[in-house]
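Each remark here refers to the structure printed beneath this line.
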Amino acid sequence: MALKKSFSKDKTKCTVTFSVSPEAAQGAKTVNIAGDFNSWSSTDTPLKQGKDGSFSVKIELDVDKEYQFRYLLDGCRWENDWKADKYIPAPYSNADNSVVTTYRK
């Protein structure tokens, strides 16, 4: 899993590429991402599967913010990003949420 960030020229947006490696996907057929940026919808933001078995999606986010998220594999298994910027306790479960930050450097 990985997060790749690129900032717009005017530094008002940050495009984040969310990636799930084949090892992390563990044979999953579908991967969706749910988070603050899509009202925690488990179906609105599917990741596309690459030929190598990895999954990825690009999402444009506002800068200077933090967004919580998790991946949903095959509609039934929640996973965090192994390389998230940080983790915070989820308010409704005994798990943590991944966090991506979009602070300008």
Side-chain angles (χ1 to χ4, degrees):
M1 297 187 191
L3 303 172
K4 181 181 173 189
K5 303 173 195 175
S6 63
F7 290 88
S8 61
K9 289 183 182 182
D10 64 3
K11 304 246 191 252
T12 60
K13 297 289 182 181
C14 179
T15 299
V16 180
T17 303
F18 295 87
S19 301
V20 177
S21 68
E23 296 80 23
Q26 301 174 10
K29 302 294 183 215
T30 64
V31 177
N32 286 276
I33 188 169
D36 294 331
F37 41 77
N38 68 0
S39 300
W40 286 94
S41 170
S42 60
T43 58
D44 283 355
T45 314
L47 282 70
K48 292 182 182 176
Q49 187 171 20
K51 292 180 181 179
D52 65 353
S54 66
F55 291 82
S56 66
V57 67
K58 290 182 181 182
I59 301 174
E60 187 176 82
L61 302 172
D62 291 330
V63 298
D64 295 333
K65 295 191 176 189
E66 295 185 354
Y67 297 89
Q68 295 181 42
F69 70 97
R70 295 189 86 191
Y71 299 109
L72 181 60
L73 285 66
D74 288 335
C76 64
R77 190 171 80 243
W78 290 100
E79 291 288 337
N80 279 318
D81 193 301
W82 298 347
K83 297 192 178 182
D85 293 329
K86 65 182 186 178
Y87 304 93
I88 62 170
Y92 303 109
S93 68
N94 290 332
D96 288 339
N97 286 336
S98 299
V99 176
V100 60
T101 61
T102 59
Y103 300 120
R104 292 176 278 187
K105 296 181 181 188

Give the ring-plane orientation class for Phe18 versus Tyr71, where under 30° counts as parallel, over 60° as perpendicular and anything between as tilted.
-> perpendicular

Check Val63 against Cys14 and note the closest heavy-atom contact, atom names and distance.
-> CG1-N, 3.9 Å

Please lay out, stage by stage, how Lys5 and Val100 fare under the test side-chain contact (heavy atoms from CB on, under 4.5 Å).
-> CA-CA 10 Å; Lys5 303 173 195 175; Val100 60; 3.8 Å; yes

So CG of Asp74 and CG of Asn32: to nearest 0.5 Å the spacing works out to 10.0 Å

Heavy-atom closest pair (Arg70 atom, Ala95 atom, distance to 0.1 Å) is NH1-CB, 3.8 Å

Are any side-chain N or O atoms of Ser98 and backbone N or O atoms of Ala84, one a donor and one an acceptor, separated by less than 3.5 Å?
-> no

After noting the C-alpha distance and the side-chain angles of Phe37 and Asp62, does the key distance pass the side-chain contact (heavy atoms from CB on, under 4.5 Å) rule?
-> CA-CA 10 Å; Phe37 41 77; Asp62 291 330; over 6 Å; no

Check whether Trp82 and Val57 end up in the same hydrophobic cluster, where Ile, Leu, Val, Met, Phe, Trp and Tyr are linked by side-chain heavy atoms less than 4.5 Å apart.
-> yes

Closest heavy-atom pair and its distance - Asn80, Asp96 = ND2-O, 3.0 Å

Taking the side chain from Ser41 and the backbone from Thr43, do they hold a donor-acceptor pair closer than 3.5 Å?
-> yes

When rounded to the nearest 0.5 angstrom, what is the spacing between CG in Leu72 and CD in Glu79?
-> 10.0 Å

Ignoring hydrogens and geometry, is there a side-chain-to-backbone donor-acceptor pair from Asn38 to Asp44 under 3.5 Å?
-> no

Could you give the distance from OG (Ser54) to CD (Glu23), rounded to the nearest 0.5 Å?
-> 9.5 Å

Group every Ile, Leu, Val, Met, Phe, Trp and Tyr by side-chain heavy-atom contacts under 4.5 Å, then state whether Val16 and Val99 land in the same group.
-> no

Can you measure from CZ (Phe55) to OG1 (Thr30) and round to the nearest 0.5 angstrom?
-> 7.0 Å

CA sep, side-chain torsions, deciding dist, call: Asn97, Trp40, side-chain contact (heavy atoms from CB on, under 4.5 Å) = CA-CA 12 Å; Asn97 286 336; Trp40 286 94; 3.8 Å; yes

Closest heavy-atom pair, Lys65 versus Tyr103, reported as atoms and distance to 0.1 Å, is N-CE2, 4.0 Å

Within a reach of under 6.0 Å around NZ of Lys13, are more than 12 heavy atoms found that belong to other residues, nucleotides or ligands?
-> yes

Decide yes or no for Ile88 and Gln68: does some side-chain heavy atom of the first lie under 4.5 Å from some side-chain heavy atom of the second?
-> yes

Value for CD1 (Ile33) from OG (Ser42), rounded to nearest 0.5 Å, stands at 12.5 Å

Could you tell me whether the side chain of Asp52 and the main chain of Pro22 form a donor-acceptor pair under 3.5 Å?
-> no

For the atom pair CD (Glu66) and OG1 (Thr102), what is the distance rounded to the nearest 0.5 Å?
-> 8.5 Å

